[in-house]
Amino acid sequence: MDYNHIEIEQKWQKYWQNHNIFVAKEDKTKPKYYVLDMFPYPSGAGLHVGHPLGYIASDIVARYKRLRGFNVLHPMGYDAYGLPAEQYAIQTGQHPAITTEQNINRYRRQLDLLGLSYDWTREVRTCDPHYYKWTQWTFIQLFNSYYCYDANKALPISNLIKIFENGHSSELNAACGKKMDVTASQWADFSEAERSNVLMNYRLAYLSEATVNWCPQLGTVLANDEVVNGVSVRGGFPVERKSMQQWSLRITAYAERLLEGLEGIDWSESLKEIQRNWIGRSRGATLFFELENGEKLEIFTTRADTLFGVTFMVLAPEHKILDSITTEEQKAEVERYVAWAKNRSERERLAEVKAVSGVFTGSYAIHPLNGQKIPVYVSDYVLVTYGSGAIMAVPAHDSRDFAFARKFSLPVVQVVVPDGEKEEDTTAWQESKDSKNGTIINSGFITGLKVKDAIAKIIDYIEEKHIGYGTTNYRLRDAIFSRQRYWGEPFPIYYENGVPKTLNEDELPLLLPNIETYLPTESGEPPLARAKGWNHNGMPYDHNTMPGFAGSNAYYIRYMDTNNDKELCSKEANAYWQNVDLYIGGSEHATGHLLYSRFITKFLFDIGKCCKDEPYRKLINQGMIQGRSSFVYRINGTNKYVSYNLKNQYATDTLHVDISLVDNDVLDLERFKQWRAEFNDAEFILEDGKYICGCEVEKMSKSLFNVQNPDMLVERYGADTLRLYEMFLGPLEQSKPWDTKGIEGVSRFIRKFWRLYHDRDNAFCVSDEAASKEEMTALHKAIKKVEEDIEKFSFNTSVSTFMVCVNELTELKCNKREILSPLAVLISPFAPHIAEELWSLLGNETSISYAYFPKFDNKFLEQTTFNYPVSINGKTRAFIELGVDIAQAEAEKAVMENASVLKFIDNKPVKRFIFVPKRIINIVI
RNA sequence: GCUCUGGUGGUGGAAUUGGUAGACACGCAGGACUUAAAAUCCUGUGAACAUUGCGUUCGUGCGGGUUCAAGUCCCGCCCGGAGUACCA
């Protein structure tokens, strides 16, 4: 019998499971290594070949580290709350828990086929009450904390209460929605509801009336990272802005630490950059412009140097003081504008970025430095959510202000001359001059300064005059944390006379109640409002649920102590496993999960619940595997199909065809006809007797008929081959199209490997002879290279190394135990089943996972000679063979001794030798 | 627009970080074994010229530069991919 992957793989998967080979236990005598995959959302479609890419890579590292003597934690679980299961429930009435369970079982079956070395005793599911108890618990901790900038960490809310009781609130330097100045006696007189309102401004999980992204089709609000280009990431539905009472997490309090923390972690530069941009720190100044009615208008600018160029001001349509400053004459027009702006969807607004709109409020502000009257406008190009929702407009040096000024015929005053230019007449300008490299003009005491110096001088000046101060602004917004959906974690909150109260820890988890319909109520309440008799001693629970990212924030901590019912994670387990050494997953989570998880980790660190303030030490984003779609070409208006290379002779439609009907771009005509009724009587125009399909690389998707399912490949080639092939495709981090052609090469390699130790009759056959130096060299070359490659996460080259090694050994007809035994260990992280089989055939009683990675021995790689490159007149190259590893001086000596060989080159006498560093010899003829 | 990434044979991709470019694999061509096919094995495969011989020249998106030596470093372009965007 030939190499039989089905038998071998089933046998060893069973063995690993029965012997609990991969169950991790804390073991202080060994160094730990924590390898984690981003856990999947178990969708109904199951796994396609793209999913396992990261899982295989992490499994290789996990197995490799075990062989290097590390105690490895390598768990897996499911991000089980999510919209698809709930949408399905709305349509069919089936409880999302049932759908989710089915999908999880399917995922598990598919994962098991691949021979991944997960410790399944630590599995988590975000929808499991034993798990979401701790999601709710974390929320309560956030609710009971505030962020103190002086301590630069989260502190218990009880501290804050003391500060208010003692009347020290004016000294408070804390993250908040609105600064509250409350005296001790006011505090004492406050009702419970009033106190609650004050504290709510500081809590890290807080309720507030906020402008949110409302998605009517999904019936819920969405966080900023769940909205792209004005539509929802899930489903692509339009999103509106709406003011609603919502739970939020005060992630902005951690903006600076989230930025700083990036410095110390080993993530790709591009991913760090995405997070930096998302946090969006900009240094600038806050300035106050006095209005005619005496009110102060706060603005933020990064270009304080252009203060003398301000010719008007603009408020966002949602700005609070808009009502009070609008004059009687302008009132109707402003109200019309605000109403119009509000009704525009986010998508419309973004689509019409270049269209300028706005209305004069009728009011004027006073320029704080030169006392001029400046008209105040309202326009939706100013966003309420950034800065203070109001700007000073400098049309000469800001393109948006410039467009606005031209539309409303407002003056443009140049105050910066870019380097290499002269002051110009602004009426002729076609665009503003936004460059920061230039010199200030027309600006009183800062005239003549460079932009950078001018900014510093202005800030000093406004601080001195108390009209403003230097500040830092962040683009990052607080994370909206409630969803008006069913399939999510309930908030551990009830309302007593309208005041939100948390459940006690021993009342957790608050179970998700069953309901009959998963839609919002007739009055627009979230689905949980349908739960009958669901209340806390008669007091209503919060009817929102938590968003998708809630369950993944601290899941990596839960894996350390999954089955602990007393704590999120015991101190001991946390101290041992610390944080994730290697995290592998897609980059699509850059501004969502990966940011929230860092934030929650920093918070849990602050309150002493975990020992590291960064969750993921090293992160690798595996590339997407794209599909390779196949096409047939139908001649217009017929049911006739023309082969790829002849299609230009006809007018054709291009149709996707299922890739399972295509082999090597050749269409299986019979199966194509049977595929769908419309093709039953299809006719073909062939080339060379075949129908050749066209192809294109696209996203892998069911609707494009290009999904490669791993199950079929495992069945045909085996998991080991699939594992090797997915790694062989190319660098892990790179996106690449899936192409099954190459799998044959890897499959050949595996069979060749198996052949090494089987004779012609397929009987196991190894030799106890001592290995030759040549054989040892082949082995040790592979050990050295594979070790280096794994440490660099460059798995594709390791596979090549194995191929070279096995080719060499085949050539040498080497079936020696002395070579095969270490080779089995070396290959086992990549192809664990066949390696384990060989290991046991060699007579070892324990699993290969308990073996040690073969030690590389340099002596087998020593070459006796080495080709030293010789450059002649700096041009042509020649080589002299010299002993390896000899010092520079010795090399020079050797060359001189061998000089007779080199006396004539190209029939010309050698004049002299020049020795330059790095074993190079230059010869002048 | 800004930021990050890449650009190497027909294809996927290697290259010890400045030292013989194209490892390994796919594909293709030729051959062996077969009645035949599959499977397997061997040979060739960057381009052009030379092919009776070891060959010669050009080649890592384009143009310059540094160096004895550049796919790799520097300057200026061109093209692709990703992220982000009325962010004041």
Side-chain angles (χ1 to χ4, degrees), chain A residues 2 228-229 268-278 280-282 284-285 299-304 306 313-314 316 349-350 352-356 379-383 385-394 397-401 403-404 434 473-477 587-588 590-591 621 623-624 664 724-725 728-731 733-749 751-752 755 784-785 788-789 794 796-807 810 867-879 914-924:
Chain A
D2 239 351
V228 171
N229 290 332
S268 73
E269 201 42 50
S270 61
L271 199 89
K272 287 186 186 181
E273 202 58 30
I274 291 173
Q275 291 213 342
R276 282 190 201 110
N277 290 340
W278 190 260
R281 175 171 66 185
S282 49
I299 61 102
F300 173 76
T301 180
T302 55
R303 293 295 302 273
T306 60
M313 303 191 74
V314 187
R349 208 178 62 80
L350 287 170
E352 294 161 27
V353 163
K354 286 192 184 93
V356 183
S379 171
D380 68 354
Y381 84 86
V382 174
L383 307 175
T385 49
Y386 187 76
S388 59
I391 61 156
M392 63 176 214
V394 185
H397 306 292
D398 181 285
S399 56
R400 297 148 303 174
D401 297 346
F404 194 86
D434 297 4
N473 218 318
Y474 299 91
R475 201 186 79 108
L476 184 69
R477 299 291 97 209
S587 59
E588 66 273 19
T591 53
N621 293 123
M624 267 225 301
N664 241 337
L724 283 163
Y725 184 55
F728 186 68
L729 273 177
E733 305 194 58
Q734 194 173 298
S735 286
K736 52 229 156 190
W738 179 259
D739 177 2
T740 334
K741 273 189 204 159
I743 201 168
E744 288 293 343
V746 177
S747 172
R748 229 166 273 163
F749 155 74
R751 294 198 303 264
K752 225 168 176 179
R755 270 274 147 233
K784 182 168 192 263
K785 187 80 197 327
E788 283 168 3
D789 287 342
S794 165
N796 52 330
T797 51
S798 313
V799 180
S800 301
T801 305
F802 289 133
M803 289 179 177
V804 173
C805 180
V806 166
N807 282 343
T810 304
N867 284 338
Y868 275 67
V870 178
S871 86
I872 300 162
N873 281 354
K875 231 188 137 197
T876 318
R877 271 183 302 251
F879 299 91
I914 302 165
F915 296 90
V916 292
K918 286 206 175 177
R919 69 175 200 242
I920 305 301
I921 300 125
N922 191 21
I923 298 170
V924 178

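We use all heavy atoms of the structure for the numbers below, so side chains are in, but hydrogens, waters and symmetry mates are not. Every chain is numbered from 1, with letters handed out A, B, ... down the list of sequences.
Here B/A39 presents its P atom at 16 Å from CZ of A/R755, a figure rounded to the nearest Å. One atom, CG of A/N473, and another, P of B/A88, lie 8 Å apart when rounded to the nearest Å. A straight line from CD1 of A/I274 to C1' of B/A82 spans 7 Å, rounded to a whole angstrom. The separation between A/Y725 atom OH and B/C26 atom C1' is 8 Å, rounded to whole Å. When the P atom of B/U84 is taken as reference, atom OH of A/Y474 falls 21 Å away, rounded to whole Å. Between the P atom of B/G83 and the CZ atom of A/R475 lies a distance of 14 Å, rounded to the nearest Å. Summarising the geometry, the separation between OH on A/Y381 and C1' on B/A85 is reported as 16 Å, rounded to the nearest angstrom. What separates CG of A/N277 from C1' of B/U3 is a distance of 6 Å, to the nearest Å.
Across all strands, A/T591 comes closer than 4.0 Å to no nucleic acid atom at all (heavy-atom distances). Among the atoms of the strands shown, none is found under 4.0 Å from any heavy atom of A/V314. At the heavy-atom level, A/R303 lies under 4.0 Å from the strands shown only through sugar-phosphate atoms.
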Exercise. Tell me, what's RNA chain B's dot-bracket, Watson-Crick or G-U with both distances under 3.5 Å, | for other-strand, [ ] crossing?
Worked result: (((((((..(((......[....)))((((((.......))))))((((.....))))..(((((..]....))))))))))))....
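Between A/Y381 and A/F404, the ring planes are tilted. Angles from 30° to 60° get that label.
Nearest-nucleotide mapping onto RNA chain B: of A/T801 and A/G280, the residue sitting toward the 5' end is A/T801.
With its glycosidic angle more than 90° from 0, B/U11 is assigned anti.
Between A/Y725 and A/V799, every side-chain heavy-atom pair lies at or beyond the 4.5 Å cut-off. In this structure, the side chains of A/K785 and A/T797 come closer than 4.5 Å at one or more pairs of heavy atoms.
For A/E269 and A/R276, the salt-bridge test passes: some basic side-chain N is under 4.0 Å from an acidic carboxylate O.
Phosphate contact (OP1/OP2 of B/C86, side-chain N/O of A/S379, threshold under 4.0 Å): absent.
In terms of the salt bridge (charged side-chain N to carboxylate O under 4.0 Å, His left out) criterion, A/K272 has no residue partners (sequence neighbours excluded). Taking the salt bridge (charged side-chain N to carboxylate O under 4.0 Å, His left out) definition, one finds that A/K752 meets it with nothing, sequence neighbours left out. By the salt bridge (charged side-chain N to carboxylate O under 4.0 Å, His left out) test, A/E788 is found to be paired with A/K784, residues two or more places apart in sequence or in another chain being considered.
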Exercise. Quick one: what's the B/S/- string for nucleotides 4-14 of chain B, heavy-atom cutoff under 4.0 Å, read 5' to 3'?
Worked result: S-------BSS
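Remark: side-chain polar atoms of A/D401 are paired, donor with acceptor, to backbone N or O of A/V394 under 3.5 angstrom.
Rounded to the nearest Å, the gap between the C1' atom of B/G44 and that of B/G80 is 34 Å.
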For this session: In sequence, state the C-alpha distance, the side-chain angles, and the governing distance for A/I299 and A/M313, and then conclude on side chain to side chain contact (heavy atoms under 4.5 Å, CB included).
Result: CA-CA 9 Å; A/I299 61 102; A/M313 303 191 74; 3.6 Å; yes
Atom pairs, N/O to N/O, protein against nucleotides 40-45 of chain B, distance under 3.5 Å?
| residue | atom | partner | partner atom | Å |
| --- | --- | --- | --- | --- |
| B/U40 | OP1 | A/R751 | NH2 | 2.6 |

